[in-house]
Amino acid sequence: MRNKSISCFALGLLLQLSAFSQSKIENIIVVTTDGLRWQELYTGMDSALANNAAFNQNQKDHLYQTFWHEDPSERRRKLLPFIWGHFAANGQLYGNRAYNNFADVTNPHWFSYPGYNEMFTGYVDPAINTNSYPDNPNLNVLEFINNQPAYKNKVAAFGSWEAYGRILRKKTSGFPVIAAFDTIDWKNTTYTEKMINAMKQDSHRPGDDHGCPDVFTHYQAMEYLKTRQPKVLYIAYLETDDWAHAGKYSNYLKAAQQVDAWLQELWNFIQRTPAYRNKTALLITTDHGRGDINKAQWTSHGAKIEGASEIWLGVMGPGLPAKGEVKKPMQLYQKQIAQTIASLLAFNFTATHPVASAIHQVKENQ
């Protein structure tokens, strides 16, 4: 009986250790949706903008039917059902300033290139002060991870904006960076990749070619995920920012809702794929905020727009506490995201430039 008891104990311990080992984060998917305000994330549709004929695209009734509820918790769920369903139940969301839970950019410019540099290098470079800045001189965390033996050639990035090629140092980084209308040129392209290449080449392009429709970015990234199974994947959506700059609030909300649907598609794929299930973290965030105090400034961002420094972020993954909407007062910064990405994979991101510390609350119980 004693030997049987010991055997049962040993088996139970083995199962516990096995379950623990299976919960280790081995992969991470980072998703950004450019310029999506924390106000919509946490309170849903803004009635002041939906009521404003300058922004509602003559769709006021449709906006109310689709997105409105008197209760902000229900309203945000109507806009972003995955984030406020599965993600909130199993992950962590930061940046609801109503609870003094602050998340901000550190750079003084409050627009995209400086924001993405800060996000992925952990460093505010004073020289980066324009979206037309050339190739980034700073090592980013994706490049750092790709240089680790277990992750070599297991990192990739797909983004709808042409500047990601410069921000992430496409020419020298050593991992694929497909930006805007870039087509896939590696060997053994799949039929789907060839089809998306052709669609990009034949599609209507804005005059400046600065960005492609998010649908191309999403499907290229998903095809890469399914066929090549990277350990680190970055997907960068753009249309939330584009529609906001255009002052089209209906399109902005629909773009945000589409990103939410794509997040659910990503997570569903992760959970049904053995290489990713119970081994993968999902981190979501944005590069900058937008105006809100002056409602007419919701279309804009930059150092002169109050509120444009205000961001948000969320993370979900095996072994991380499910905190939901974090209401504890704190101050987080965009520059902490790079080291947070590295730390989730048990790395310490180092570079020739300073790197901000990780967000330690992610791994702590509250």
Side-chain angles (χ1 to χ4, degrees), residues 22-34 82-83 86-87 90-91 116 119-120 140-143 145-146 148 150-161 164-165 168 170 173-200 212-239 258-285 314-318 320 337 341-342 344-345:
Q22 289 175 1
S23 70
K24 179 184 176 182
I25 295 172
E26 300 177 6
N27 318 292
I28 188 165
I29 297 176
V30 179
V31 175
T32 57
T33 180
D34 200 293
F82 173 73
I83 289 177
H86 186 86
F87 197 105
N90 295 278
Y116 288 116
M119 185 187 304
F120 286 105
N140 64 73
V141 69
L142 303 181
E143 187 175 352
I145 294 170
N146 188 62
Q148 308 309 308
Y151 286 79
K152 190 66 178 176
N153 299 321
K154 292 292 185 178
V155 178
F158 294 80
S160 296
W161 187 32
Y164 294 121
L168 298 177
K170 175 179 179 175
S173 67
F175 64 89
V177 180
I178 305 300
F181 286 99
D182 287 351
T183 52
I184 290 171
D185 58 2
W186 49 69
K187 294 180 180 179
N188 302 317
T189 52
T190 68
Y191 173 81
T192 298
E193 288 170 335
K194 292 175 182 177
M195 180 61 69
I196 297 172
N197 278 350
M199 292 173 70
K200 275 189 172 184
C212 72
D214 284 341
V215 67
F216 292 147
T217 296
H218 176 76
Y219 279 94
Q220 279 186 320
M222 286 300 301
E223 180 69 3
Y224 195 91
L225 185 66
K226 293 172 182 177
T227 60
R228 290 172 175 81
Q229 297 195 338
K231 297 182 75 65
V232 179
L233 179 66
Y234 173 42
I235 309 176
Y237 301 114
L238 181 64
E239 289 183 22
Q258 181 62 71
V259 170
D260 182 84
W262 284 332
L263 288 172
Q264 181 168 18
E265 181 186 353
L266 272 167
W267 193 252
N268 289 346
F269 175 79
I270 288 167
Q271 292 307 100
R272 69 173 183 262
T273 304
Y276 294 111
R277 185 172 58 247
N278 298 326
K279 303 173 187 176
T280 305
L282 175 62
L283 188 149
I284 57 177
T285 189
V315 64
M316 173 174 64
L320 300 180
I337 292 173
I341 292 169
L344 288 171
L345 296 174

Is there side-chain contact between [X] and [Y], with heavy atoms separated by less than 4.5 Å?
X	Y	result
T217	L238	no
E143	V155	no
N27	I270	no
F175	P230	no
Y219	T192	no
F181	P213	yes
V30	F120	yes
L225	I235	no

[atom1]/[X] to [atom2]/[Y] distance, rounded to the nearest 0.5 angstrom?
X	Y	atom1	atom2	value
I29	I341	CD1	CD1	12.5 Å
I25	N278	CD1	CG	11.0 Å
T33	E239	OG1	CD	9.0 Å
Q220	N197	CD	CG	6.0 Å
L344	T280	CG	OG1	11.5 Å
L263	Q258	CG	CD	10.0 Å

Listed partners of E193 passing salt bridge (charged side-chain N to carboxylate O under 4.0 Å, His left out), at least two apart: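 Result, salt bridge (charged side-chain N to carboxylate O under 4.0 Å, His left out) vs E193: R228.
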
Minimal non-hydrogen separation, [X] against [Y], with atom names:
X	Y	result
P274	K279	O-NZ, 3.5 Å
N153	G174	OD1-O, 4.2 Å
P318	A281	CD-N, 4.4 Å

Subject >> Qualifying residue, where the test is ring-ring contact (aromatic ring centres under 6.0 Å, His included) with W262 and the options are Y237, F269, W267 >> reply: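 By the ring-ring contact (aromatic ring centres under 6.0 Å, His included) criterion, W262 pairs with just one of Y237, F269, W267: Y237.
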
Discussion item. Is it true that H218 and E265 share a donor-acceptor pair across their side chains at a distance under 3.5 Å?
Written reply: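 Looking only at side-chain atoms, H218 and E265 do form a donor-acceptor pair, the distance falling under 3.5 Å.
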
Query raised in the report: Mind checking whether F82 and H86 have parallel, tilted or perpendicular rings, split at 30° and 60°?
Result: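 Because their plane-to-plane angle is under 30°, the rings of F82 and H86 count as parallel.
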
Please check if the side chain of [X] supplies one atom and the backbone of [Y] the other of a donor-acceptor pair under 3.5 Å.
X	Y	result
N146	K152	no
K200	A180	yes
N90	M316	no

- request: Please report the C-alpha distance between I184 and E223 in whole Å, then the side-chain angles of each, then the deciding distance to 0.1 Å, and finally whether the side-chain contact (heavy atoms from CB on, under 4.5 Å) criterion is met.
  value: CA-CA 11 Å; I184 290 171; E223 180 69 3; over 6 Å; no

Check your understanding: Restricting to pairs with a member in residues 175-185, which pass salt bridge (Lys or Arg N to Asp or Glu O under 4.0 Å), not counting sequence neighbours?
Key ->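 Only K170-D182 qualify under salt bridge (Lys or Arg N to Asp or Glu O under 4.0 Å).
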
*asked:* With side-chain contact (heavy atoms from CB on, under 4.5 Å) as the criterion, how do Q264 and F87 come out once you've worked through the C-alpha distance, each side chain's angles and the decisive distance to 0.1 Å?
replied: CA-CA 9 Å; Q264 181 168 18; F87 197 105; over 6 Å; no

Discussion item. Before you tell me yes or no, could you show the steps for I284 and V259 under side-chain contact (heavy atoms from CB on, under 4.5 Å), namely the whole-Å CA-CA distance, both residues' side-chain angles and the distance that decides it to 0.1 Å?
Written reply: CA-CA 11 Å; I284 57 177; V259 170; over 6 Å; no

_Within a 6.0 Å radius of atom CE on M222, are there more than 12 heavy atoms belonging to other residues, nucleotides or ligands?_
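Counting other residues, nucleotides and ligands, CE of M222 exceeds 12 neighbours.
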
Residues in ring-ring contact (aromatic ring centres under 6.0 Å, His included) contact with Y151, at least two apart in sequence or another chain =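 Y151 satisfies ring-ring contact (aromatic ring centres under 6.0 Å, His included) with F347 only.
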
Apply side-chain contact (heavy atoms from CB on, under 4.5 Å) to L168 and Y116, showing your working. CA-CA 9 Å; L168 298 177; Y116 288 116; over 6 Å; no

